[in-house]
Amino acid sequence: MRVSRIITVAIVLFAFAAAGGNAAAQQCPKGKLRLYTSWPMQGAMLPEGTGMKNGVDLAVSEVNGTVAGYCLEVVNLDDASPQTGKWDGAVEAENANKAIGDPLAIVYIGTYNSGAAKVSIPITNRAHMAQMTPANTYPGLTKKRGAAPGEPEIYRPGGYVNYFRPIPADDIQGAVGAKWAKRMGAKKVYVLNDQELYGKGIADVFEATAKKIGLPVVANEGIDWKQPDQKPVLTKIRASGADLVYLGGVIETGAQVIIRQMKEVGLTAPRTRFMGPDGLLEEELLKGATCDAALATDMRVTFAGLPFEKMRGVGAKTYENYKAKFGKEPTSYALYAAEGTRVIIDAIKRSAPVIEKAKDVTDKREALRKAIAATKNFEGINGKWSFDENGDVDYDTMSGFKAVKADTPIGCKFQFETILE
Amino acid sequence: MTGWEVLIQQSINGLTRGAVFALIALGYTMVYGIIELINFAHGDVFMLGLFISLAWFTLLGVTGTLTGWQLLTVLPLVFVLTMLTTATLNVAIDRVAYRPLRRSTRLAPLITAIGVSFMLENVALLWKGPAPIAYPDVFPSFDILREWFGVDSAIFLTSKDLLVVAATLPLMVALHYFVTRTRWGKAMRATAQDRETAQAMGINVERTILITFFVGGALAGAAGLIQGMYYNIGQWWMGYQAGLRAFTAAVLGGIGSMSGAALGGLVIGFLSAWSDQYISARWTNAIVFSILIVVLVFRPHGLLGERTADKA
């Protein structure tokens, strides 16, 4: 009896303390706004998923969780299926529906996989809810260049743009790659692509840009990447006299074979060099016999944005703050999650008067969507940028990497070489 | 490079590519000849041959390029070990998956073969994972024309090209000798012609089938090893791809005919290399298959297939 009374008192006291503490820390005269996030949070994706979650938390903590009288609450959802550990369209659709069904939800942050974004953008679009991705780079989500027929309109059933990305889309890499090739002194380029969405899109943009800036392109040829033998195509390239081979592809679609066999058919530096997009920027690529070949072909790779340690201004500060707060290096997209959340917070600040007067939740979301779309001259981690009419960033700051010898078991690595703009 | 140099270089490419196709095609055609089964799992045995040969190299402590004496000892040893492993695997597949269905409809083992193919792919997937595996550069790679003959030409003939030809030719010759000159070979040919009559003549048909699977598996293993050393890459789904091409080669040459399979493999190798050069890599598959269709329209039994009446 006595004991239970003590417990009751303790619980009551504790509850008071908790409530009091809450009230002291957060002032929300205007109520709560929820930020939903959705990306894989399990299996092999857990580190990156956690990194992006940390990024969002970092941005929210910078304003102590409140903006213009509203308290921000982050709801983290996982769009991976427990069976496969990978993103799943059904789960992603469920997450998006959960978000639009919550009257306090104001924005949707996600996804990681471009394929998952294809599922959720139309759902958030119908609800006038803005969606901000920290990681999708597939061009077709926002623009026609490098897209499939019907894109990106099919993701905008409402006819307006609700999807935004603070990270350059893949096609920019083709354009920046072509400029870099010219700067490196290439006179004649042979473009190969793996005939997949990502690779072909980048290769097409590379070709178009190269022609525009006066860099001759012999051909833009699709290869059968499932064939482990590309010597005939490479022999043709040698006969063509091209001094740079650009491959639009990823490590999974036969890039290793191309690089190795370039060496075998005599396509080596200084006569012929090799360049590719960030789909090839993986240590895995250099394993086995590829390391020597990558060195022999003087391999170059472009990468969207700057490596964290090369960032200046806001980027450098964000990088330091992230490391201080979480005690480890940010994952590839963690800082872009922070950037996206900052853009949202900034837009809430600007649209707070409209949000306040909005008669229902759809109007609130619409007000925020418009404010995000109007983001101009934002101080971002890669420098100042604005959203264009597609919801894409207008900066094309990239970095160039080069394969160099290294004292690692693999024998070589990719090293930052230059900033490309 | 002049036009002639390009043609010669592309022909070298076609020859090496075709030799590997031919080696795999032989396995398809042998099994088809004997039990009229299109053994869909054969391409996957080839794929496992690559993985298994890598395992043997690792077991024998080879991680880098082989040197002088190793080429004469370790390499033949790995050839033998790999071929024995895949041969045994192929026999086991027949014993478990095909033999119980020997007397059922022809469709049943075909479906089973597809099932076995999936199983082998998943075994490889579990074993090595989905990423491409890097096959170490075990065979020294250098340009023969320059290193041995001191000729500085635009044409590259590498030691690896030579390896492919030097390994496949003896295998094919040995197979030809085995089938045409030995008692087991004779039993194989008899079983292929007419299983019942062969049995009536006292031929142990089941043992003959076992030998066929054994030899076919050994060739697939050799092809896997050669492919690994030549292209330095392996992936769990490669068997399906290679199998499709090899099967096409077998049909082009005349399924059931051994010399046809060899010829078909080489023809497809040359055609695809030339097509890559003179037309476009994007069209190569379409062109190869168009030619296959044209050949089959005019020669339904393939280039070297015998015009035999359908077996009852």
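For the numbers below, each heavy atom of this structure counts, side chains included, while hydrogens, waters and symmetry mates do not. Please read all numbers here as calculations on a predicted model, not as lab measurements. Within every chain, numbering begins at 1; the chains are lettered A, B, ... in the order of the sequence lines, protein sequences first and strands thereafter.
Ion pairing between Asp161(B) and Lys231(A) holds under the 4.0 Å rule for side-chain N and carboxylate O. Glu264(A) has a carboxylate O that lies under 4.0 Å from a charged side-chain N of Lys160(B), or vice versa, which qualifies the two as a salt bridge.
Contacts of Asp143(B) with chain A are absent, with no heavy-atom separation under 4.5 Å from either backbone or side chain. Looking at Trp237(B), the atoms closer than 4.5 Å to chain A (heavy atoms on both sides) all sit in the side chain, from C-beta outward. Contact of Ser280(B) with chain A is made through backbone and side chain together, with heavy-atom distances under 4.5 Å. For Gln227(B), the part lying near chain A is the side chain, with the backbone staying farther off; criterion is any non-hydrogen pair under 4.5 Å. Both the backbone and the side chain of Tyr230(B) come within less than 4.5 Å of a heavy atom of chain A. For Val233(A), the parts lying under 4.5 angstrom from a heavy atom of chain B are both the backbone and the side chain. Contacts of Gln277(B) with chain A are made by both backbone and side-chain atoms, with heavy-atom separations under 4.5 Å.
Nearest heavy-atom pair, Ile251(A) versus Pro132(B), reported as atom, atom and distance to 0.1 Å: O-CG, 4.3 Å. Nearest heavy-atom pair across Arg238(A) and Ile155(B) is NH2-CA, 4.3 Å. Smallest separation of non-hydrogen atoms from Gln10(B) and Pro232(A): NE2-O, 2.8 Å. Between Asp276(B) and Glu221(A), the shortest heavy-atom distance links the atoms O-OE2, 4.0 Å.
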| said: Could you go through Val265(A) and Gln9(B), starting from their C-alpha distance and side-chain angles, then the distance that decides it, and tell me whether this counts as side-chain contact (heavy atoms from CB on, under 4.5 Å)? | reply: CA-CA 9 Å; Val265(A) 305; Gln9(B) 183 75 68; 5.8 Å; no
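Atom NZ of Lys86(A) is surrounded by 12 or fewer heavy atoms from other residues, nucleotides or ligands within 6.0 Å. More than 12 heavy-atom neighbours from other residues, nucleotides or ligands sit within 6.0 angstrom of CH2 on Trp127(B). Within a 6.0 Å sphere centred on CZ of Phe118(B), other residues, nucleotides and ligands contribute 12 heavy atoms or fewer. Sparse packing is recorded around OH of Tyr240(B), with 12 or fewer heavy atoms of other residues, nucleotides or ligands lying under 6.0 Å away.
Residue Leu234(A) holds its CG atom at 9.0 Å from CG of Asn13(B), rounded to the nearest 0.5 Å. Put simply, CD on Gln227(A) and OG1 on Thr284(B) are 9.0 Å apart, with the number rounded to the nearest 0.5 Å. To the nearest 0.5 Å, atom OG1 of residue Thr290(A) and atom CD1 of residue Ile233(B) are 6.5 Å apart.
No side-chain heavy atom of Tyr231(B) sits less than 4.5 Å from a side-chain heavy atom of Arg260(A).
Side-chain atoms of Arg282(B) do not come within 3.5 Å of backbone N or O of Asp224(A) as any donor-acceptor pair.
Each of Met238(B), Arg245(B), Gln235(B), Arg17(B) has some count of heavy-atom pairs under 4.5 Å with chain A, and the biggest count is that of Arg17(B).
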